[in-house]
K.L.:
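Structure below; questions to follow.
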Amino acid sequence: MNAIRRVKDGIADSLRMHHTDAALVNQNSTRIWSNEDMDPVPAQRRNWTSWTFASYWLSESWGPTAWSVGSSLVAGGLLWWHALLACIVGHIIASLMTVWNGRGGSIYHIGFPIWMRAVFGMWGSLFPLTLRIILDIVWCGIQTWFGALFMDIMLQTIFGSHWTNIPNKLPVSADITTSFMAAYVLFFFLALTTAFFRPHQMKWLLTTKAITQPIACFGLFIWAVVRAGGPGGLALTATTPSASVLGWTFMAAMNSAINGEFGPLIASDSDISRYAKKPRHQLIGQLAVAPWSASVVVALGIVAASCTTKVYGVAYWNPGEIMYAILAENSNGATRFACFLCSFTFMIGSVGTNYVANLLPFGVDATAWAPKYLNITRGQVLCAFIGGWAVVPWKVLTSGGSFLVAITGIGIFVATLLGILVGDYYLVRRGNYWVGDLYTDDPSGKYWYWHGFNWRAYTAYICGIALPFPGFVGAIGAIPSLSSITTSAAKIYAIGYLTAFLIGMVVYTILSRVFPPGDVAEARSMPFEHMGKKGDLVLMGVDRSASDLEGTDEAMPTKY
């Protein structure tokens, strides 16, 4: 009873609102701009070390998403080694973008919504938050479906034909069977439990995934190679594009590797790097694993698909499809037990992925939208229900091909935001920010700009998406004539993520240097990250001691 009471008390406390901005000056509105989850993370919650960040990338890379990446690339006509090389190059570039974006979070211990205030303005930040909220909701539903897939396999290994022969009471138009709906409901409530926790409480899940996911991936890979007697010729594509098209197809594959596997995690990095115990931990931990980990899993998926082609005559790109095929071929006790362990591991992995990549970002962004009513846990619960049910992911995945392409393509809109943020942090303000001004609508605040909007950021944003946008329209089928990779629009969209990132960064940097906001001259006059390393964060309830600082001999408060 005591244990149950502690759990209930913990959940109640996680949902309770703790407002902290009573001392802030808000002259333009009575709006609350902060709460406990939006403030800089206090020292006692900064418990992510290098190993935690390394575990984070091991847990996110070694899973069904990276395993299946090769399918879309090979389907585009690339040879297996073309696809693998594109992933390697893309993942290295994405890793660098990740640590660039995560640096500010590890210094100032603030998340994505607060950084958007710094560059887009207090009111202007709400648009980019809305954009990411939409993505979080959709991908939450899709990830819940994938988790239900492994729940379904696990239940099949336990109950055998008693599970697979459950009569389907749902119409064909539902695009889901009764048994799979039952698996979906079970997984949904399992994943929902993580919504009541904050990142500093979830280290154990990342560590568990980092150990178990690679074992499951290698186990499935070894089975495929042994069962097939070798990978065969790896001839997974019937046609290869001409030399003139191959280069752009390769670039599109590289862009897909960045946007598909890394895109959401790059944007979310400051939401987790803010929990870094030391700034170097996010740098060392992420660069030690992120550049190579996902590429290894892509290679395993390509080889396993070649093996299933030899065995079954069909290339199975998803671990779930492979296990369904294994159980259909041989359902003895040993086989079912092995598939149970593998599916259970991938299912728990899906729980962790949904938390880190979808629930947490939504919780953070929704909190910034309504800090008076929402905190991270309330937002995460909201995301779970909206994404899990309102999106109707089983219909999206069966009949919403164009919708999925559109959601994936929205990565160019997020990449522009990141380019602007990186440009502001490194090239415009040299890493110097007045944190207190990020929580007030006082017109004298340094990030109020023009009525709460920074026109430089919005101009750079429009420029960043302008070039790849026609290709995006062609990709979703709105204008079929733009869909061919031979068109100029499609070629630009083939490198759309990098294009949007670079244009947003360059245009914003130029505008901010030619028409500098009021605080830029002061920020640039200081050493790099001076305000972060020696700043006074007591205003927001975060007392930074000398032991928290790197590269300094003592904490020297600077009054805002």
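Side chains are part of it too, since the values below use all heavy atoms of this structure and drop only hydrogens, waters and symmetry mates. Being a predicted model, the structure only gives us computed values, none of them experimental.
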K.L.:
Could you list the donor-acceptor pairs under 3.5 angstrom formed between side-chain atoms of residues 287-301 and any protein atom two or more places apart in sequence or on another chain?
P.N.:
unit_1 : atom_1 : unit_2 : atom_2 : d
Trp292 : NE1    : Ala288 : O      : 2.7
Ser293 : OG     : Trp62  : NE1    : 2.7
Ser295 : OG     : His91  : ND1    : 2.9

K.L.:
Identify, with sequence neighbours excluded, every residue that meets ring-ring contact (aromatic ring centres under 6.0 Å, His included) alongside Tyr425.
P.N.:
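Listed in chain order: Trp115, Tyr433.
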K.L.:
Test of understanding: with salt bridge (Lys or Arg N to Asp or Glu O under 4.0 Å), list the residues that count as partners of Arg429, not counting sequence neighbours.
P.N.:
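If we apply the salt bridge (Lys or Arg N to Asp or Glu O under 4.0 Å) test to Arg429, skipping adjacent residues, the hits are Asp424, Asp519.
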K.L.:
Listed by chain and number, what are the side-chain contact (heavy atoms from CB on, under 4.5 Å) partners of Ser59, not counting sequence neighbours?
P.N.:
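Testing Ser59 for side-chain contact (heavy atoms from CB on, under 4.5 Å), a comparison that skips the adjacent residues, returns Leu206, Lys209.
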K.L.:
With sequence neighbours left out, write down each residue that passes ring-ring contact (aromatic ring centres under 6.0 Å, His included) with Tyr184, or none if nothing qualifies.
P.N.:
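Counting only residues at least two positions away or on another chain, Tyr184 forms a ring-ring contact (aromatic ring centres under 6.0 Å, His included) with Trp389, Trp394.
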K.L.:
With no hydrogens and no angle check, do the side chains of Thr345 and Gln213 hold a donor and an acceptor under 3.5 Å apart?
P.N.:
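Their side chains do not contain a donor-acceptor pair, so the 3.5 Å distance test is not met.
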K.L.:
Considering residues at least two apart in sequence or located in another chain, which fulfil the side-chain contact (heavy atoms from CB on, under 4.5 Å) criterion with Ile503?
P.N.:
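side-chain contact (heavy atoms from CB on, under 4.5 Å) list for Ile503, sorted by chain: Cys463, Leu467, Thr499, Val507.
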K.L.:
Quick one: list whatever passes salt bridge (Lys or Arg N to Asp or Glu O under 4.0 Å) with Arg132, sequence neighbours left out.
P.N.:
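Asp271, Asp365.
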K.L.:
For Asp152, give me all partners under salt bridge (Lys or Arg N to Asp or Glu O under 4.0 Å), at least two apart in sequence or on another chain.
P.N.:
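Asp152: no salt bridge (Lys or Arg N to Asp or Glu O under 4.0 Å) contacts found.
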K.L.:
For Phe413, what residues pass the side-chain contact (heavy atoms from CB on, under 4.5 Å) criterion, not counting sequence neighbours?
P.N.:
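For Phe413, the residues satisfying side-chain contact (heavy atoms from CB on, under 4.5 Å) (neighbours in sequence not counted) are Leu131, Ile410, Tyr461, Ile465, Phe469, Phe472.
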K.L.:
Apply ring-ring contact (aromatic ring centres under 6.0 Å, His included) to Phe146 and list each qualifying residue two or more places apart in sequence or on a separate chain.
P.N.:
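Phe146: no ring-ring contact (aromatic ring centres under 6.0 Å, His included) contacts found.
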K.L.:
Would you please name every residue forming a ring-ring contact (aromatic ring centres under 6.0 Å, His included) with Phe501, sequence neighbours left out?
P.N.:
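With neighbours one apart ignored, the set is empty.
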K.L.:
Can you name the side-chain contact (heavy atoms from CB on, under 4.5 Å) partners of Arg513, sequence neighbours left out?
P.N.:
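So Arg513 forms a side-chain contact (heavy atoms from CB on, under 4.5 Å) with Thr509, Arg524.
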